[in-house]
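Worth knowing before you read on, the calculation uses all heavy atoms, side chains too, and leaves out hydrogens, waters and symmetry mates. For the single chain, residues carry numbers from 1 onward in sequence order.
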Amino acid sequence: MPAPSDDRPESALLDAILGNPLLGVVVLQDGRIAFASPTVARVSGLSVEALQALSAEEVMERIHPEDREAIQAGYAARIADQLPTASYRIRIRSEAGEFRSVTVHPMPVLFRGRPASCAVLVDETERFAAARQLEQRAAELAATRDRLESWLRERGEQLRDAQTYLATVFQHSYDGIGVVDAEGCFEHGNPASFRIVGWPREELIGDHFLKIFPPDTHPFMLERWKEVQRGEGRPYRTDIVTKDGERRRLQISHRHMEISGQRKYAVVLSDITELTQAQAALREHGEQLERTVAERTAALEDANARLRRTTRLLERAQALARVGSFTWDPAQRRVEWSREMRRLHGLPPEGRLPPPARLSKLCHPRDRVRLQRAMQRTLETGAPLDIEYRLRFEDGRIRHVRAQGERRAKCSEGAGYLLEGTLQDVTVRRELEQEIIEASQREQQRIGADLHDSLGQELSGLSMLAAALTTRMKECCPALVPDAQRISDVARVAVRHTKALAQGLAPIDIPAGGLETELRRMAERATELHAIPVSLRTSLQCRALDTRLATHLFYIAREAITNALSHAGASRIEVRLTTRGDRGRLSIRDDGRWQTAALDQPGVGLHIMQRRADLIDAELRIEPGATKGTRVVCLFPNSSDGSDDGEPA
């Protein structure tokens with residue numbers, strides 16, 4: 001048994017090592033923990049007994065996966081004394097799941113008489129963490145230093161650029177820039193400043209600023225100088241005198257500054273001589289313009305007054321003539337109507353017009369399509385607008401109007417055309433035309449009656465006398481019988497012609513479906529009376545024409561045949577009547593002369609034909625034939641509603 005004096009130092013050293021919270025001692029034997037100090041237990045989070053109870057596999061599971069292979073190889077080598085003792089670092093997983101970094105100082109030992117590996121463990125987790133933070137902080141400081149150096153370089157470059165920019169602006173500025181000391185003497189200036197004041201540099205540097213100002217402005221300038229020294233200076237305008245004696249107008253502004261502890265004043269000079277002259281000229285021009293505007297305004301007011309008087313006179317004239325005016329812009333859907341135009345349609349003289357849908361309802365339903373086609377044809381082709389149609393009001397009244405207009409190109413608002421024209425109330429004229437038709441029919445009836453009652457009777461008596469004379473001459477004078485017979489024959493023909501004329505002049509009221517029969521009779525009578533063939537061709541593929549429509553068509557055909565026989569010198573006349581669906585066509589064609597003179601100065605007959613065509617909503621055309629002669633065409637709607645708006649045929 002060793003002496004106590006020899007054992008106490010080793011025991012104290014071992015206690016010191018085992019009690020150190022940073023040093024741990026562990027002995028591994030056969031891959032298991034044979035001995036562990038309290039520090040190792042604290043690092044692992046297990047008690048010493050729990051550590052010694054771990055199997056070799058459980059011990060390896062406590063080591064970081066990246067460190068296991070090296071641990072096993074080193075442990076085997078040390079047990080076999082194949083490698084020298086060397087320290088290394090590993091990561092141990094605690095019971096809480098965190099990894100602690102420790103430095104291992106291994107050595108081979110004999111524990112309980114068998115080889116084992118003893119290792120001293122130093123827990124350096126906090127030191128490594130502090131080292132990493134220190135390294136991170138050092139990296140951040142280095143990055144900050146690099147950014148600061150980069151920022152200083154950029155600012156240096158910007159400062160150099162700013163200095164270059166300011167020097168360029170100073171040297172090449174259009175305005176003058178100068179520096180005046182506290183006494184008011186020129187110290188420095190850019191080229192523009194000397195050019196503006198009209199003095200050379202060498203004659204201004206060191207001299208007082210009053211040198212460039214005329215004496216009459218010195219009190220004003222000294223007062224401004226005091227304001228500048230007090231820091232109250234504001235831009236102002238004044239005159240200067242150049243070395244050559246030229247007077248110029250400048251705008252001057254000041255700004256005080258400190259240079260090397262001394263107060264200086266920056267001066268900016270702007271030459272506004274031309275601007276001042278331009279402003280004066282502008283004021284004079286403005287005054288002249290105001291006088292001109294006043295004169296033109298007075299003239300315009302006078303013209304407006306005359307225009308208002310003219311407008312009132314025009315409105316009165318339109319009211320007297322019952323003629324309204326209109327303008328229609330189809331692209332903009334804008335309509336302008338005069339007061340008389342509104343009155344004709346039964347609308348108030350002022351205010352907004354009703355929408356187009358309501359305005360279109362004022363037109364008679366049977367005239368709307370015809371009116372729209374006529375207006376569209378004028379806008380598309382430029383042909384003059386001239387059409388008569390009817391207005392129908394809610395109380396049943398009918399008003400006949402005639403629209404005349406023309407296309408006009410717009411001056412603005414893009415391409416397109418306007419339709420301008422007038423609307424005339426022709427109701428009275430239509431009534432007069434109706435009276436003329438009725439008077440014509442009454443006169444024809446009277447002439448037919450006279451022919452039948454007087455001339456027809458006398459010719460009949462003459463025919464009987466001629467027959468009796470022929471009988472007596474057979475007994476007393478046979479040689480004159482042929483002459484008497486011819487007189488008797490002529491008398492009989494005259495009687496027959498007179499009866500035919502009387503029948504033709506008699507008023508006709510054609511029943512529904514009887515137009516073809518009456519046209520055929522009329523063609524036969526004309527052929528018999530005038531010895532000129534009048535033929536009739538029909539193709540009726542719809543319902544029978546009503547009485548009103550058939551009667552008007554009959555009189556149109558009779559008037560056209562009469563004109564051809566009387567004025568065209570025709571040798572043949574052809575009448576053709578065709579109907580299909582709700583449309584029909586009546587044409588009368590002759591082979592005589594083209595009656596252009598009759599169209600230039602139409603007579604009563606043509607007016608009556610047109611009037612009858614209007615009454616049945618038909619389109620009447622008189623045009624030259626394909627080779628010669630005249631062709632009268634009447635295109636009519638085949639409607640059997642029987643509505644004639646109260647107008648007789």
Check whether any side-chain N or O of R399 sits under 3.5 Å from a backbone N or O of L344 as a donor-acceptor pair, and report yes or no.
yes
Might you work through the side chain to side chain donor-acceptor pair (under 3.5 Å) test for Q288 and E284, ending with a clear yes or no?
CA-CA 6 Å; Q288 178 63 32; E284 182 180 357; over 6 Å; no
Compare all side-chain heavy atoms of F636 with those of I556 and state whether any distance is below 4.5 angstrom.
no
Please round to the nearest 0.5 Å and tell me the distance separating atom SG of C363 and atom OH of Y389.
6.0 Å
Approximate separation, where rounding is to 0.5 Å, of Q424 CD and E340 CD
10.5 Å
Counting heavy atoms not belonging to E202, are there more than 12 under 6.0 Å from its CD?
yes
Test L385 against Q404 for side-chain contact (heavy atoms from CB on, under 4.5 Å), laying out the working first.
CA-CA 5 Å; L385 175 68; Q404 293 179 298; over 6 Å; no
Can R397 be said to sit on top of F393's aromatic six-ring, NZ or CZ under 6.0 Å from centre and within 45° of the ring axis?
yes
Decide yes or no on salt bridge (Lys or Arg N to Asp or Glu O under 4.0 Å) for E227 and R224, but give the supporting numbers first.
CA-CA 5 Å; E227 293 179 355; R224 302 287 78 75; 2.9 Å; yes
Step by step, would you call K628 with D590 a salt bridge (Lys or Arg N to Asp or Glu O under 4.0 Å)?
CA-CA 8 Å; K628 61 179 180 177; D590 65 70; over 6 Å; no
Under the criterion side-chain contact (heavy atoms from CB on, under 4.5 Å), I'd like the reasoning laid out for H345 against L423: C-alpha separation, chi angles, the key distance, then a yes or no.
CA-CA 10 Å; H345 288 79; L423 190 73; 3.3 Å; yes
Please walk me through it: do Y417 and W328 pass ring-ring contact (aromatic ring centres under 6.0 Å, His included)?
CA-CA 9 Å; Y417 295 97; W328 178 40; over 10 Å; no
Evaluate salt bridge (Lys or Arg N to Asp or Glu O under 4.0 Å) for R576 paired with E574, printing each intermediate quantity in order.
CA-CA 7 Å; R576 181 177 297 179; E574 181 184 81; 3.5 Å; yes
Would you please test N190 and S173 for side-chain contact (heavy atoms from CB on, under 4.5 Å) and show each step?
CA-CA 8 Å; N190 67 343; S173 173; 4.0 Å; yes
Just checking H254 against Y236, ring centres under 6.0 Å apart?
yes
Gap separating the CD atom of E336 from the CD atom of E420, nearest 0.5 angstrom
9.0 Å
Could you check whether any side-chain heavy atom of V268 comes within less than 4.5 Å of a side-chain heavy atom of I252, counting everything from C-beta outward?
no
Could you walk me through whether E187 and K264 pass the salt bridge (Lys or Arg N to Asp or Glu O under 4.0 Å) test, one step at a time?
CA-CA 9 Å; E187 282 192 350; K264 308 290 183 180; 2.7 Å; yes
What is the distance from atom SG of C634 to atom CG of L620, rounded to the nearest 0.5 Å?
5.5 Å
Can you check whether A383's main-chain N or O pairs, donor with acceptor, with T378's side chain at less than 3.5 Å?
yes
Pair E203 + K243: basic N to acidic O under 4.0 Å:
yes
Do the non-hydrogen side-chain atoms of I177 and V267 ever get within less than 4.5 Å of each other?
no
Mark yes or no for whether R621, through its side chain, and V633, through its backbone, hold a donor-acceptor pair below 3.5 Å.
no
With side chains defined as the heavy atoms from C-beta onward, is the minimum distance between Y174 and R195 less than 4.5 Å?
yes
Quick check: does any side chain N or O of W199 sit under 3.5 Å from a backbone N or O of V241, one acting as donor and the other as acceptor?
yes
Please check if the side chain of T427 supplies one atom and the backbone of H400 the other of a donor-acceptor pair under 3.5 Å.
yes
Is the side chain of R370 donor-acceptor paired with the backbone N or O of E388 at a distance under 3.5 Å, no angle test?
yes
R392 and L362: CA distance, side-chain angles, deciding distance, side-chain contact (heavy atoms from CB on, under 4.5 Å) verdict
CA-CA 6 Å; R392 188 174 68 176; L362 295 175; over 6 Å; no
Less than 4.5 Å apart, side chain to side chain, heavy atoms only: is that true for T630 and N563?
no
Within the distance-only criterion (no hydrogens, no angle test), does the side chain of N304 pair as donor or acceptor with the backbone N or O of L300 below 3.5 angstrom?
yes
Between F326 and V335, is there a side-chain heavy-atom distance shorter than 4.5 Å?
no
Could you tell me whether F213 and F220 have their ring centroids closer than 6.0 angstrom?
no
Are I588 and L586 packed together at the side-chain level, in the sense that at least one heavy-atom pair is separated by less than 4.5 angstrom?
yes
For the side chain of D367 and the backbone of R390, is there at least one donor-acceptor N/O pair under 3.5 Å apart?
yes
S325 side chain to T422 backbone, donor-acceptor under 3.5 Å
no
In Å, rounded to the nearest 0.5 Å, how long is the span from CG of D216 to CG of D239?
7.5 Å
Please check if the side chain of S270 supplies one atom and the backbone of G176 the other of a donor-acceptor pair under 3.5 Å.
no
Check for me whether R201 meets the cation-pi criterion with F186, that is, NZ or CZ under 6.0 Å from the six-membered ring centre and within 45 degrees of the ring axis.
no
Salt bridge or not for E246 and R248, using N-O below 4.0 Å?
yes
L250 CG to I240 CD1 distance, which is reported to the nearest 0.5 Å:
4.0 Å
